[in-house]
Number of protein chains: 4
Amino acid sequence: MPKVSETRKDAVRNDILEAAGRVFKRKGYEAASMKDIVAESGRSFGGVYLYYANKEQLFLELIGRVYREMNESAEGGEGTAPWEAVGRFLRDQLARAADADNGLAPVLYEYLIVGRKEERRMKLIGERHDAVFGAIERLLRSGAEAGTFRPTIPVEAIALTVMSFLDGMFFESIVSGPERIRLDDQFRVLSDMLRSVLMPGEASAVTEEGNPE
Amino acid sequence: MPKVSETRKDAVRNDILEAAGRVFKRKGYEAASMKDIVAESGRSFGGVYLYYANKEQLFLELIGRVYREMNESAEGGEGTAPWEAVGRFLRDQLARAADADNGLAPVLYEYLIVGRKEERRMKLIGERHDAVFGAIERLLRSGAEAGTFRPTIPVEAIALTVMSFLDGMFFESIVSGPERIRLDDQFRVLSDMLRSVLMPGEASAVTEEGNPE
Amino acid sequence: MPKVSETRKDAVRNDILEAAGRVFKRKGYEAASMKDIVAESGRSFGGVYLYYANKEQLFLELIGRVYREMNESAEGGEGTAPWEAVGRFLRDQLARAADADNGLAPVLYEYLIVGRKEERRMKLIGERHDAVFGAIERLLRSGAEAGTFRPTIPVEAIALTVMSFLDGMFFESIVSGPERIRLDDQFRVLSDMLRSVLMPGEASAVTEEGNPE
Amino acid sequence: MPKVSETRKDAVRNDILEAAGRVFKRKGYEAASMKDIVAESGRSFGGVYLYYANKEQLFLELIGRVYREMNESAEGGEGTAPWEAVGRFLRDQLARAADADNGLAPVLYEYLIVGRKEERRMKLIGERHDAVFGAIERLLRSGAEAGTFRPTIPVEAIALTVMSFLDGMFFESIVSGPERIRLDDQFRVLSDMLRSVLMPGEASAVTEEGNPE
DNA sequence: CATGAATGAGCGTTCATTCAT
DNA sequence: CATGAATGAACGCTCATTCAT
């Protein structure tokens with residue numbers, strides 16, 4: 001049987017996915033046409049549809065990767081001290097936001113916003129929410145359990161707030177451009193604020209060396 | 001006097017605008033078709049185009065109102081004490097976010113995100129940014145000038161951070177639903193955080209009665 | 001009875017007609033909208049339709065004037081010597097062609113060409129043909145009867161040829177611009193050619209002073 | 001080999017082009033709708049747009065053929081004596097004019113006249129002018145270089161005059177019908193006139209057998 | 001496995017003309 | 001007499017997806 005090896009199939013899938021990624025980044029979700037993706041991939045319509053059922057599947061697979069990376073960014077701070085782990089995570093998000101329009105984040109935001117009425121996209125939306133929220137919460141909770149953080153507010157509420165802020169920073173970065181919104185300054189403000197609720201009393205705010213950048 | 005009175009014309013304009021508003025809220029910007037709007041308004045294509053040049057103008061006029069209301073929300077705290085004025089503003093935004101999917105905010109976010117590559121929409125984007133940022137900054141600055149706020153961080157940076165957070169809260173509210181993201185809790189967290197950077201040292205955080213809700 | 005005087009009505013009609021003329025010259029027949037004409041006339045839709053049943057009637061009345069002027073250009077040479085009368089006529093046409101895009105001629109050509117399939121426009125087309133042809137023919141025939149012209153070819157054929165040439169010169173003037181097609185040179189060539197068939201043998205062609213410019 | 005052969009694609013392109021040609025001839029350029037062309041071709045909208053980007057491209061490709069044929073008509077007289085070559089060319093144009101309303105010429109004239117204000121069509125207009133003018137000029141110049149023609153007027157001027165006349169003859173043929181304007185007679189007149197300026201003194205005009213019909 | 005030609009409902013917008021006031 | 005708001009059929013064009021080869 002001429003069954004193509006698994007790796008060959010995977011390679012083709014990957015090729016197509018990367019081509020789709022380039023097109024999505026360049027044009028956005030709605031504006032990207034299957035014709036564009038087919039052309040960018042150097043394949044035929046049939047060839048692309050053979051591996052992915054439609055434009056949405058293509059995007060969903062692509063975005064799955066982003067989630068996985070995001071999660072890894074939130075984990076990984078196994079041995080690290082809690083406040084340094086938070087700092088790492090925030091710095092990582094900062095870098096992503098600064099590079100927002102080269103990544104898939106704007107496309108995801110577009111996809112979520114445009115599709116907010118569609119039953120089918122709800123699932124993904126929920127999953128994204130839980131994944132990001134969970135990652136942040138774990139970060140905070142492990143610090144609290146270690147006794148480093150002594151939050152006067154439930155960590156769930158703090159995690160949700162951080163998540164909102166990050167989403168907002170991304171949104172602003174996307175629509176206004178990273179330079180216009182002074183990402184570094186915002187990052188500093190967030191750090192100070194977070195410290196004040198996570199470690200109240202400690203190093204009364206403004207210390208330079210304590211900031212996790 | 002066959003010329004229809006100005007008030008009648010305004011009434012018709014308003015009718016059409018409200019019909020368009022209902023359609024945009026129901027379907028979103030991209031998914032709303034002129035056919036929908038024409039049907040909802042109970043008029044003809046020509047009748048609608050007589051008052052508004054195209055779909056975008058219809059939306060822009062609609063969104064202009066939202067801006068005006070937002071500004072009014074940020075102003076108005078003339079005689080109020082600074083921290084109470086901030087509280088009022090935040091509470092107002094909270095209410096808006098809680099009601100996000102009944103308003104035009106999701107449509108605006110969609111319009112901005114989808115149109116991020118289009119030269120023409122950039123202008124609106126910039127204007128929105130400046131208006132919202134300006135409103136928040138004025139609020140903080142007047143408190144600082146009054147000596148009530150003693151921020152250890154430039155107010156511009158704080159204003160931008162608040163703006164990001166609000167955008168994020170709206171975004172989350174839109175895509176995940178207000179109930180899922182515990183708006184009240186987030187609001188409390190933001191309050192505490194803001195106080196710690198605006199009035200450091202004062203009432204070491206957690207006091208209940210001091211919070212401006 | 002408040003019957004408005006005939007002259008008042010005529011004045012209004014004329015106002016509208018001139019406004020329409022300006023719009024047609026500026027935009028062409030198809031591209032001119034009734035909205036344009038109404039705006040240019042400073043009146044209302046109703047006001048314009050009260051005097052003219054539709055766009056076509058407006059144009060037809062306008063074009064009637066041009067015909068009348070054209071005819072007058074062809075007549076008028078009563079006392080003049082035949083060859084001078086021909087020269088006058090040709091010079092007049094030259095001037096019109098040179099000024100083609102400021103006049104209604106392009107609009108007429110457009111109207112005729114576009115409407116060549118419409119029964120209703122046929123009539124006008126026929127009338128124009130007969131009027132122009134008749135004018136030229138009379139010019140030639142009176143010279144022949146006076147014995148000044150001794151055409152070796154039937155004057156009808158010559159008249160038709162002149163007419164074709166003039167139409168072509170107009171057409172070229174309209175689409176390529178008068179400067180590109182060297183109207184003066186063409187005019188000279190036509191003069192020489194015409195002389196050779198109207199007055200064969202006389203002043204073997206190239207004489208300068210004999211040319212009717 | 002699922003890729004359809006080049007010849008098949010060409011055949012389809014040709015099918016569509018011919019269908020468009022029939023519609024254009026029947027209705028004219030402006031009045032022809034894509035719906036008409038789609039119906040005439042027996043295909044779908046998508047099917048037509050797959051091969052031609054828009055109505056204008058369809059027309060331009062069609063008209064390209066006419067130019068090519070025109071040029072061939074003007075060339076080709078390589079070995080022939082100059083006056084015969086001119087005769088051949090004129091006869092060819094006569095035939096075309098006689099058949100004007102079965103061809104695309106009226107559509108081209110309409111396209112040029114209606115589009116005289118549009119920047120984009122200007123290019124085509126210029127190209128047409130240069131191509132036709134160039135063809136006629138070459139015809140005359142080669143006769144002059146051979147010494148057969150001894151024009152007393154610059155050949156450029158004569159070429160432009162001939163071009164104008166031909167355009168006029170076409171125009172008249174289109175709007176008034178070929179029979180009404182006695183094409184044969186006009187052709188004879190043009191021949192006589194042309195001879196008188198190209199070969200002055202020779203065979204003092206009226207000879208029958210010398211005329212190149 | 002792979003191709004790419006083909007589909008067709010749907011889009012936003014225009015404009016000559018009418019007629020209630 | 002005069003107004004101008006209102007009509008609605010028709011326009012050129014797009015694009016995710018299918019399926020005969």
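Side chains included, hydrogens not; waters and symmetry mates left out as well; all remaining heavy atoms used. Protein chains get the first letters and strands the later ones, always in sequence-line order, with residue 1 at the start of each.
Between Glu56(B) atom CD and dT13(E) atom P the separation is 9 Å, expressed in whole Å. Rounded to whole Å, the distance from OH on Tyr49(A) to C1' on dC19(F) is 13 Å. Going from atom CD1 of Ile37(A) over to atom C1' of dG4(E) covers 16 Å, rounded to whole Å. Between Tyr51(A) atom OH and dA2(E) atom C1' there is a gap of 9 Å when expressed in whole angstrom units. To the nearest angstrom, P of dC1(F) lies 13 Å from CZ of Arg43(C). Residue Asn54(D) contributes atom CG, which lies 8 Å from atom P of dT14(F) at whole-angstrom precision. For the pair Asp36(B) CG and dG10(E) P, the computed distance is 11 Å after rounding to whole Å.
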Practice problem: Starting at the 5' end of DNA chain F, write a dot or bracket for each base, bracketing those in Watson-Crick or G-U wobble pairs whose two distances are under 3.5 Å and using | for partners on another strand. | Solution: .||||||||||||||||||||
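Of the residues in residues 13-35 of chain D, those with a non-hydrogen atom less than 4.0 angstrom from any atom of DNA chain F are Ala32(D), Ser33(D), Met34(D).
When every heavy atom of Val175(B) is checked against every heavy atom of Ile125(A), the shortest pair comes out as O-CG2, 3.0 Å.
Lys55(D) is linked by a side chain to side chain contact (heavy atoms under 4.5 Å, CB included) to Phe24(D), Tyr29(D), Met34(D), counting only residues two or more places apart in sequence or in another chain. The ring pair (Phe, Tyr, Trp, His ring centres under 6.0 Å) search around Phe171(A) returns Tyr109(B), not counting sequence neighbours. Shown here are the side chain to side chain contact (heavy atoms under 4.5 Å, CB included) partners of Ser44(B), two or more places apart in sequence or in another chain: there are none. A search for side chain to side chain donor-acceptor pair (under 3.5 Å) contacts involving Asp15(C) returns nothing, not counting sequence neighbours.
Few gaps surround NZ on Lys117(D); more than 12 heavy atoms of other groups in view lie less than 6.0 Å from it.
Listed candidates were dT17(F), dA2(E), dA5(E). Nearest to the side chain of Leu50(D) is dA5(E). Taking only side-chain atoms of Arg8(D), from C-beta outward, the nucleotide of dT17(F), dT3(E), dA6(E) with the closest atom is dA6(E). Comparing dG8(E), dT17(F), dG4(F) against the side chain of Ser44(C) picks out dG4(F) as the nearest. Between dT14(E), dA5(F), dC13(F), one nucleotide has an atom nearer to the side chain of Lys9(B) than all others, and that is dA5(F).
Mapped onto DNA chain F by nearest heavy atom, Phe45(B) and Gly42(C) fall at different nucleotides, with Gly42(C) at the one closer to the 5' end. Of the two residues contacting DNA chain F, namely Gly47(C) and Gly46(A), the nearest-nucleotide position lying further toward the 5' end is that of Gly47(C).
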Self-check item: Working for side chain to side chain contact (heavy atoms under 4.5 Å, CB included), residues Lys25(A) and Asn102(A)
Solution: CA-CA 7 Å; Lys25(A) 286 171 189 167; Asn102(A) 296 325; over 6 Å; no
Practice problem: Determine, stepwise, if the pair Leu50(B) / Val12(B) fulfils side chain to side chain contact (heavy atoms under 4.5 Å, CB included). | Solution: CA-CA 10 Å; Leu50(B) 197 58; Val12(B) 174; over 6 Å; no
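Side-chain atoms of Tyr111(C) and Glu56(C) include a donor-acceptor pair closer than 3.5 Å.
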